Amino acid sequence: MKDTSGSGYDFVSIQKKWNERWEGLSLARAEDFSQKPKLYALVELPYPSGSGLHMGHCWNYALFDTYSRFHRLLGYNVLYPMGWDAFGLPTYNHAIKVGKDPHEVSAESITTFRRQLKELGLAFDWEREIDSSSPEYYKWTQWIFVQLYEHWYDGTFARKDGGVGQARPMSDLPIPDEVRQKGESAITEYKDAKRLAFKKKMPVSWCPKCKTGLANEEVLGDGTHERCGTLVEKRDLEQWMLRITAYAERLLADLDTVDFPNGVKAAQKNWIGKKYGVNITYDVVTEDGQKVSEVTCFTSRPETNFGATFVVVAPEHAILEELGQYMDEVTKKNVLEYKNTSARKTKEQREAEGKKKTGVNTGLYCLNQLTGTKMPLCVSDFVLVDFGTGALVGVPGHDLRDFQFAQVMNLPVVRVVTTEGGDESEITQESQVQEESGVMINSGFLDGMEIHEATTKMMDYLEEKGWGKKITVYRFHDWVFSRQHYWGEPTPMVHCEQCGWNPVPMNQLPVTLPKLADYRMGEDGSSPLEKADEWIQVSCPSCGGKARRETDVMPNWAGSNWYFLRYLDPHNKEKLVDQTIASYWMPVDIYYGGQEHVTLHLLYSRFIYKFLSDLGAVPGVEPYKQRRNHGIILGPDNRKMSKSWGNVVNPDEVVGKFGADVVRLYLMFIGPYESVTPWNERSVIGVHRFVVKLIKKLKKECTVVNRDKEVGENGISIGLSRLKQRVRGDIVLLKFNTIVASFMEFLNTYEKNPWPYEIIKEFLILLSPFAPYVSEELWEVLGEKGSVHQQELKIADVTQEVHSEIDLPVMVNGKLRAKISVMSNATEADVVTLATQAAPQYLSQGYAKVIYVPGKAVNFVVR
RNA sequence: GCCGGGGUGGUGGAAUGGCAGACACGGGGGACUUAAAAUCCCCUUCCCAAAAGGAGUGAGGGUUCGACUCCCUCCCUCGGCACCA
């Protein structure tokens with residue numbers, strides 16, 4: 001395809017020539033504090049993998065390269081940066097596979113990526129390039145961690161911006177007297193329980209293939225690791241955790257202030273899963289009524305509590321151990337066995353069980369204060385230990401799952417809500433279980449009330465009596481922030497036998513990742529850094545005694561949480577980012593990235609930004625003003641591109657075959673920016689034809705061009721001004737596909753017309769963000785000096801548009817019957833007269849009414 | 001089950017209250033050529049032999065002079081969440 005057809009399009013030498021010439025021009029340099037309006041356009045930074053750039057990257061970056069270039073032409077100070085999310089599992093796994101040092105593998109991949117991006121003609125501000133795995137960068141990732149460790153969340157603190165809740169230094173943490181009285185270790189324990197970064201032993205998801213713990217967000221709905229597809233297990237591990245749940249309320253509320261797609265907002269709300277309800281505490285009693293403990297149940301529907309007949313706790317619930325002493329030996333054994341069996345159940349087994357609940361009775365009871373009855377206390381794995389309190393109060397008459405459990409366990413069912421029509425019959429089957437509507441009965445002071453009205457009444461009542469406490473619970477959890485592998489930021493913490501955990505002092509950051517002879521993971525899941533003896537041994541920052549470094553590293557999200565801030569001030573040695581520079585550029589005006597990051601990166605980085613905002617380190621409270629998700633480019637066979645399908649389209653190959661401009665234009669033309677569309681080489685050829693035709697036409701026009709030729713008010717001039725309007729309107733909406741169509745339409749329409757010099761010049765400026773090489777080449781052919789990319793794009797105001805002759809549809813009762821040709825500013829009377837003549841056969845009986853919408857249509861209403 | 005997208009020719013897709021199918025692919029016919037490739041011209045939603053005409057944007061109803069577009073009911077499909085109390 002390399003100019004074999006005599007097309008005059010030798011893209012190889014054109015690209016080579018301009019890549020060299022552009023090198024010194026800094027076409028994409030963003031200037032801090034420029035008087036021009038700023039535009040921060042951000043694309044997700046890639047993790048550089050061994051296989052090179054994939055088509056999805058190209059799509060993502062080419063579209064926003066065009067967006068950025070276009071705004072530069074309009075006079076914006078545009079920041080469009082690029083960097084490398086080089087830490088993390090993909091690079092690490094690849095290094096292990098090829099048996100090299102991850103440092104080396106990562107550097108090689110970055111070199112490939114950078115070359116490929118440049119060959120696509122992407123104009124990034126390379127002076128701001130960052131690498132999350134470089135010590136200069138991860139010094140600040142570690143600094144953020146230390147700050148989290150050194151802060152606690154005050155949920156009642158009145159913020160400057162009028163909101164409530166803020167992170168505050170540990171030194172401001174009030175220590176309650178009862179804690180103080182217990183002494184130093186109690187105070188330390190109390191403090192540790194409040195920190196935003198804290199260590200906790202807990203069951204975490206564990207990937208047996210990657211041999212590391214995972215955050216809940218990294219485990220897919222089917223229970224597999226989102227990176228490698230392996231079924232995850234649960235393991236008890238000591239992990240560093242980040243208290244993201246402290247920010248739940250603000251993460252939810254501030255969604256209303258940003259321009260994100262509905263789906264993204266909904267997914268984040270779903271993920272956070274806020275629920276309002278009440279925690280009711282019940283006395284646990286033995287058969288003969290002796291109180292032995294208490295259990296707290298969360299419920300969002302307390303109004304049905306007169307119908308509560310049992311309490312169920314999760315098999316892992318801590319209370320069971322304590323209650324063991326009050327159970328007989330057989331019961332105790334049953335409970336333990338049940339716990340072990342359910343721990344071994346896979347997700348599939350649970351799903352297969354479906355409605356068929358399982359459980360055991362503890363022989364103990366909970367006292368229902370409302371009815372004075374003793375409710376059996378049971379154990380079942382349909383109760384989740386990590387939602388609410390891990391215990392629930394069963395109302396089998398009005399909750400389907402409770403009913404199913406009652407059936408299996410032979411527990412009584414009491415009706416407290418009537419079905420439609422006032423049905424008060426006994427509930428004996430699932431279909432009778434009423435959850436959403438009805439009137440209260442058998443419920444004392446609630447009788448006669450509509451069910452939802454009774455909810456608040458009951459909450460108030462329980463609180464008044466001191467039996468319950470209103471509470472908001474969240475579905476999501478604190479963020480597991482430790483990984484037992486090598487290729488990540490070392491966690492900047494030191495453990496001393498005497499003083500416990502201490503953060504590495506600021507002046508000793510970064511804690512650099514040591515090189516290892518063998519950087520593979522231990523078979524037992526131990527961190528590879530355990531092998532770095534010298535590195536581990538340090539003196540305690542607090543007492544100077546012997547201490548050990550933390551050997552777990554941070555997850556791959558750690559570096560990408562805040563990377564968009566480092567682009568602003570990439571070489572700052574004193575601070576993460578200079579406040580005044582950040583105030584100039586932030587927030588990110590538009591952020592374009594993948595749907596898969598919605599509850600991962602996008603939520604995490606909003607959390608970290610809010611924390612940094614609490615520290616006063618960054619302006620505002622939200623990092624991204626506008627977010628758009630890109631779609632997916634499928635293989636030509638309509639399946640997801642994958643090596644196993646053999647349907648991967650390699651960017652190097654297509655750029656080599658068609659040239660960068662054609663690939664860029666095709667990526668825009670392929671469909672809407674968020675669509676899921678197959679790659680179609682036939683369609684690439686369509687775009688190639690357009691480019692060749694354009695070059696042919698313009699080269700011809702350039703040689704016959706007469707610089708004095710009048711532009712005048714001819715068709716092509718009006719056509720070009722309309723094209724400009726369309727391009728400008730569509731680029732704001734990211735409708736790149738229709739823009740390319742408009743360019744094609746323009747060429748088709750005016751292919752036979754002469755193109756005056758001024759028209760060619762303006763056309764090339766308009767085209768330059770879309771096809772940077774071709775337009776620059778033709779700019780030179782035209783005899784222009786300088787770069788087409790440094791010109792100013794002038795777009796006239798819509799109102800100044802010249803009136804011209806247009807086709808106007810003539811409709812009768814909304815049906816198209818004729819067309820007339822009128823001036824776009826013609827008077828209604830003239831239009832109606834013309835229209836009447838155009839469709840006489842439909843108007844012979846006269847008409848009742850005429851509606852004229854200038855420029856759109858004229859419609860006669862005939863009755 | 002809940003939440004969020006989407007459903008338009010043979011295909012990717014245009015049109016967000018005013019000419020349905022822009023633009024492109026594919027297909028058909030023709031020109032050029034010894035031939036092929038490339039290129040150029042014409043046709044290409046469906047029904048009817050054609051014209052005239054009619055039907056038509058997942059289905060049904062509604063609002064409107066006028067609906068792919070707005071409202072209601074339903075179906076299908078993709079994505080997120082889900083034994084979440």
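To find a chain, count down the sequence lines: A is the first, B the second, and so on, and within it residues start at 1. Everything numeric in this text was worked out from a predicted model, so none of it was measured. Basis for what follows: all heavy atoms, side chains included, without hydrogens, waters or symmetry-related copies.
Atom name C1', nucleotides B:A51 and B:U57: the rounded distance is 27 Å, in whole Å. Taking atom P in both B:G53 and B:U63, the straight-line distance is 29 Å, to the nearest Å. Only the P atoms considered, B:A14 is 33 Å distant from B:A82, to the nearest whole Å. Nucleotides B:G18 and B:C70 place their C1' atoms 15 Å apart, quoted to the nearest Å. Annotation: B:G30 and B:A35 have their P atoms spaced 14 Å apart (nearest Å). B:G21 and B:U16 have their P atoms separated by 13 Å, given to the nearest Å. Distance noted for atom C1' between B:G56 and B:G9: 11 Å (whole Å). Nucleotides B:A15 and B:C83 have their P atoms positioned 40 Å apart, rounded to a whole Å.
With B:C25, B:G18, B:A14 as the choices, the nucleotide that has an atom nearest any side-chain atom of A:Asn737 turns out to be B:A14. The listed nucleotides are B:G18, B:A55, B:A24; the one nearest the side chain of A:Met744 is B:A24. Considering only side-chain atoms of A:Asp807, the nucleotide from B:C19, B:G13, B:C81 that sits closest is B:C19. Checked against B:A14, B:C19, B:A82, the side chain of A:Met811 finds its nearest nucleotide in B:C19. Comparing B:A55, B:C25, B:G18 by their closest approach to the side chain of A:Ser683 singles out B:C25. Considering only the side chain of A:Lys752, B:C41 comes nearest among B:C3, B:C41, B:A14. Of the candidate nucleotides B:C81, B:A20, B:G80, B:G80 has the atom nearest to the side chain of A:Ala267. Looking at the side chain of A:Thr738, the nearest of the listed nucleotides B:A14, B:C19, B:G13 is B:A14.
Nucleotide B:G27 carries an anti base; the chi torsion (O4'-C1'-N9-C4 or O4'-C1'-N1-C2) is more than 90° from 0.
Within the structure, ring pair (Phe, Tyr, Trp, His ring centres under 6.0 Å) pairs that include any residue of residues 296-317 of chain A comprise A:Phe310-A:Phe405 (at least two apart or interchain). Applying the salt bridge (Lys or Arg N to Asp or Glu O under 4.0 Å) rule to pairs touching residues 726-740 of chain A yields A:Arg726-A:Glu745, sequence neighbours excluded.
Atom CG of A:Asn748 and atom P of B:C23 are 7 Å apart (whole Å). At whole-Å resolution of the value, CD1 in A:Ile851 and C1' in B:C65 are 3 Å apart. For the pair A:Leu733 CG and B:A14 C1', the computed distance is 14 Å after rounding to whole Å. The nearest whole Å value for the distance from the CE atom in A:Met668 to the P atom in B:A24 is 17 Å. Straight-line distance from the CD atom of A:Gln595 to the C1' atom of B:G80: 8 Å, rounded to whole Å. Separating the CD atom of A:Glu674 from the P atom of B:G5 is a distance of 11 Å, rounded to the nearest angstrom. B:C2 atom P lies 13 Å from atom CG of A:Leu400, rounded to whole Å. In this structure, CZ of A:Phe260 is placed 16 Å from C1' of B:G4, rounded to the nearest angstrom.
With sequence neighbours excluded, the residues that form a side chain to side chain donor-acceptor pair (under 3.5 Å) with A:Asn629 are A:Gln595, A:Arg627. Residues forming a salt bridge (charged side-chain N to carboxylate O under 4.0 Å, His left out) with A:Glu316 (at least two apart in sequence, or on another chain): none. Annotation: side chain to side chain donor-acceptor pair (under 3.5 Å) contacts of A:Asp399 (sequence neighbours excluded): A:Arg401.
Checking A:Phe736, A:Tyr592, A:Tyr591 one by one against A:His630, the ring-ring contact (aromatic ring centres under 6.0 Å, His included) holds for a single residue, A:Tyr592.
OP1 or OP2 of B:U39 sits under 4.0 Å from a side-chain N or O of A:Arg689. Look at A:Thr677 and you'll find a side-chain N or O under 4.0 angstrom from OP1 or OP2 of B:G13. The shortest distance between the side-chain N/O atoms of A:Tyr842 and the OP1/OP2 oxygens of B:G53 is below 4.0 Å. The side chain of A:Asn813 contributes no N or O atom lying less than 4.0 Å from OP1 or OP2 of B:G66. Note on A:Arg682: every side-chain N or O is 4.0 Å or more away from OP1 and OP2 of B:U11.
Ring-plane geometry between A:His601 and A:His597 is classed as perpendicular, the angle between the planes exceeding 60 degrees on a 0 to 90 degree scale with a lower cut at 30.
Comparing A:Val219 and A:Asp402 along RNA chain B, the residue whose closest nucleotide (by nearest heavy atom) sits nearer the 5' end is A:Val219. Judged by closest nucleotide on RNA chain B, A:Asp730 is the one of A:Asp730 and A:Ala741 placed further toward the 5' end.
Among the heavy atoms of the strands lying under 4.0 Å from A:Arg817 are primed sugar atoms or P, OP1, OP2 only; no base atom is included. Heavy atoms of A:Lys265 sit nowhere under 4.0 angstrom from any nucleic acid atom. Across all strands shown, A:Asn262 has heavy atoms under 4.0 Å from sugar-phosphate atoms exclusively, and none from any base. When heavy atoms are screened at a 4.0 angstrom cut-off, A:Lys735 is found touching the sugar-phosphate backbone but no base atom. Nucleic acid contact for A:Phe669: base, since at least one base atom lies under 4.0 Å from a heavy atom of the residue. Within 4.0 Å of A:Val383, counting heavy atoms only, lies at least one base atom of the nucleic acid. Within the nucleic acid shown, A:Pro678 has no heavy atom closer than 4.0 Å to any nucleic acid atom. If you check every strand for non-hydrogen atoms under 4.0 Å, A:Asp386 touches nothing.
Side chain A:Lys849 to base B:C65: no donor-acceptor pair is found below 3.5 Å. You'll find a donor-acceptor pair under 3.5 Å spanning the side chain of A:Asn859 and the base of B:C65, going by distance alone. Judged by distance alone with a 3.5 Å cut-off, a donor-acceptor contact links the side chain of A:Lys357 to the base of B:C83.
For A:Phe770 and A:Phe743, the gap between ring centers is short of 6.0 Å.
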> Can you give the dot-bracket line for RNA chain B, using ( ) for pairs inside the strand, [ ] for pairs that cross earlier ones, | for pairs with another strand and . for unpaired bases, where Watson-Crick and G-U count if both distances are under 3.5 Å?
Replying inline: (((((((..(((.....[....)))((((((.......))))))(((.....)))..(((((..]....))))))))))))....

> What's the verdict on side-chain contact (heavy atoms from CB on, under 4.5 Å) for A:Val850 and A:Val858, showing C-alpha distance, side-chain angles and the deciding distance?
Replying inline: CA-CA 7 Å; A:Val850 62; A:Val858 56; 3.8 Å; yes

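Side chains of A:Asn279 and A:Thr296: a donor-acceptor N/O pair is absent below 3.5 angstrom, by distance only.
The backbone N or O of A:Leu377 lies less than 3.5 Å from a partner atom in the side chain of A:Thr362, making a donor-acceptor pair.
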